[in-house]
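For reference, the structure discussed in these notes is given below.
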Amino acid sequence: MIPIITIQGATASGKSRLAIELAEWLNTEIISVDSRQVYRYMDIGTAKPSKEEQNLIKHHLIDIINPNERYNAGLFIKEAHLVIEDIHKQGKIPILCGGTGLYIKSLKEGIFSIPDIPESIRIKLNTELLEKDLESLYHRLQNIDPRSAERIKPQDKQRILRALEVWEATGQRMSEHWEMQHKENQFQSFDLIIECDRSVLYERINSRLDIMVNQGLLEEIKSLFNMGYTKESFGLNTVGYKEFIPFLENQETYENCMGLAKQHSRNYAKRQITWYRNCNFNVALNQSLINISEVKSLLKIWLEEVMRYEYF
RNA sequence: GGCGGGAUAGCUCAGUCGGUAGAGCAGAGGCCUGAAAAGCCUUGUGUCCCCAGUUCAAGUCUGGGUCCUGCCA
């Protein structure tokens with residue numbers, strides 16, 4: 001099994017800095033696990049590592065699609081596998097760093113594999129939703145795939161549509177895909193999480209938004225519009241971007257938009273924290289007390305184990 | 001100054017025919033298998049601005065007061 005190191009944690013908890021420091025020490029490369037840093041031209045609001053940092057350490061899966069394109073967990077794991085193997089072949093241990101929990105989970109445990117859903121099926125389901133209502137789609141799901149329906153709430157449009165499109169595209173129920181999927185760890189991972197007191201994290205989030213605006217976040221959003229992207233572009237559906245659009249359109253005050261941007265970032269961090277509560281980590285670091293030499297010595301122990309496993 | 005509109009949960013507001021009140025957002029907690037910075041669930045006792053009156057009963061009707069706010073001057 002290929003060894004990897006993951007660095008996870010809520011937004012603004014200081015993952016990138018730690019990742020760069022460890023990457024320098026291990027002479028390795030970083031793979032971004034972030035559903036928004038994949039977008040080109042969205043640098044400030046997604047808190048991408050700076051050009052200098054990227055020159056220092058090679059970062060992967062950053063700036064790979066345009067803001068009108070969609071990304072998802074399936075694409076991520078496909079591309080991440082390629083990069084991981086490539087780095088592994090160079091004798092290095094890749095560091096995966098980012099806050100998109102689902103991507104890491106999917107990468108480590110796998111997801112059921114199906115071909116791309118034809119756009120026609122999505123259109124058909126959405127038309128059906130407009131003509132009828134969510135309730136009737138949910139009833140249909142209950143008939144087709146009762147086991148999936150049981151796990152999905154009748155109000156959860158996104159997941160109801162997903163389960164139906166899987167059925168329509170593959171002719172197999174989502175619950176069957178789950179069953180066929182063999183769930184086993186694909187990598188030998190050292191998982192590290194950065195934790196942060198809630199009040200401290202919220203302050204960091206708030207002040208980071210102020211800093212982003214000082215760095216030119218609003219100009220960055222304007223330039224996206226100048227390039228022809230609109231508020232409907234998938235990339236613009238990002239916390240720290242979408243909230244400022246009403247201000248740029250003179251529909252809202254700056255203060256209100258900023259308030260919402262901060263609020264939504266805090267809400268997002270809260271959801272991340274809840275998610276991580278169900279994940280296992282080798283090390284949990286407190287953001288304010290990170291002792292880098294302690295981290296390194298723990299990693300050293302793990303590395304020795306990995307090497308033994310690899311060579312004997 | 002004249003004529004309106006308003007005052008109800010931290011915020012924005014509903015509240016039908018008078019029967020002591022409820023949504024969204026926030027906050028708190030939780031869920032999560034291809035949109036995940038997404039989507040979803042649980043959680044709502046507050047001098048219904050104040051005073052007086054009518055009434056068995058007033059957020060709701062009447063009178064007065066206070067404070068916001070729009071238009072016209």
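Residue numbers begin at 1 in each chain, while the letters A, B, ... track the order of the sequences.
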Give the nucleotide from the list B:rA38, B:rA35, B:rA36 with an atom nearest to the side chain of A:N237.
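Output: B:rA38.
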
Of the listed B:rA37, B:rA36, B:rA35, the closest approach to the A:Y103 side chain comes from B:rA36

Pairs flagged by salt bridge (Lys or Arg N to Asp or Glu O under 4.0 Å) wherever residues 61-81 of chain A is involved - sequence neighbours left out
A:K48-A:D63

Determine whether the side chains of A:T274 and A:K270 contain a donor N or O and an acceptor N or O closer than 3.5 Å.
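Judged by distance alone, the side chains do pair up.
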
Does [X] put a side-chain nitrogen or oxygen below 4.0 Å from OP1 or OP2 of [N]?
{"X": "A:T11", "N": "B:rA37", "value": "no"}
{"X": "A:R271", "N": "B:rA36", "value": "no"}
{"X": "A:Y268", "N": "B:rA36", "value": "no"}
{"X": "A:K242", "N": "B:rA38", "value": "yes"}

Base, sugar-phosphate alone, or nothing: which one does [X] contact when heavy atoms must sit under 4.0 Å apart?
{"X": "A:S106", "value": "nothing"}
{"X": "A:R151", "value": "sugar-phosphate"}
{"X": "A:G99", "value": "sugar-phosphate"}

Restricting to nitrogen or oxygen on both sides, can you table the protein-nucleotides 27-29 of chain B pairs closer than 3.5 Å?
{"residue": "B:rG27", "atom": "OP1", "partner": "A:N267", "partner atom": "ND2", "Å": "3.3"}
{"residue": "B:rG27", "atom": "OP2", "partner": "A:N267", "partner atom": "ND2", "Å": "2.6"}
{"residue": "B:rG29", "atom": "OP2", "partner": "A:R198", "partner atom": "NH1", "Å": "3.1"}

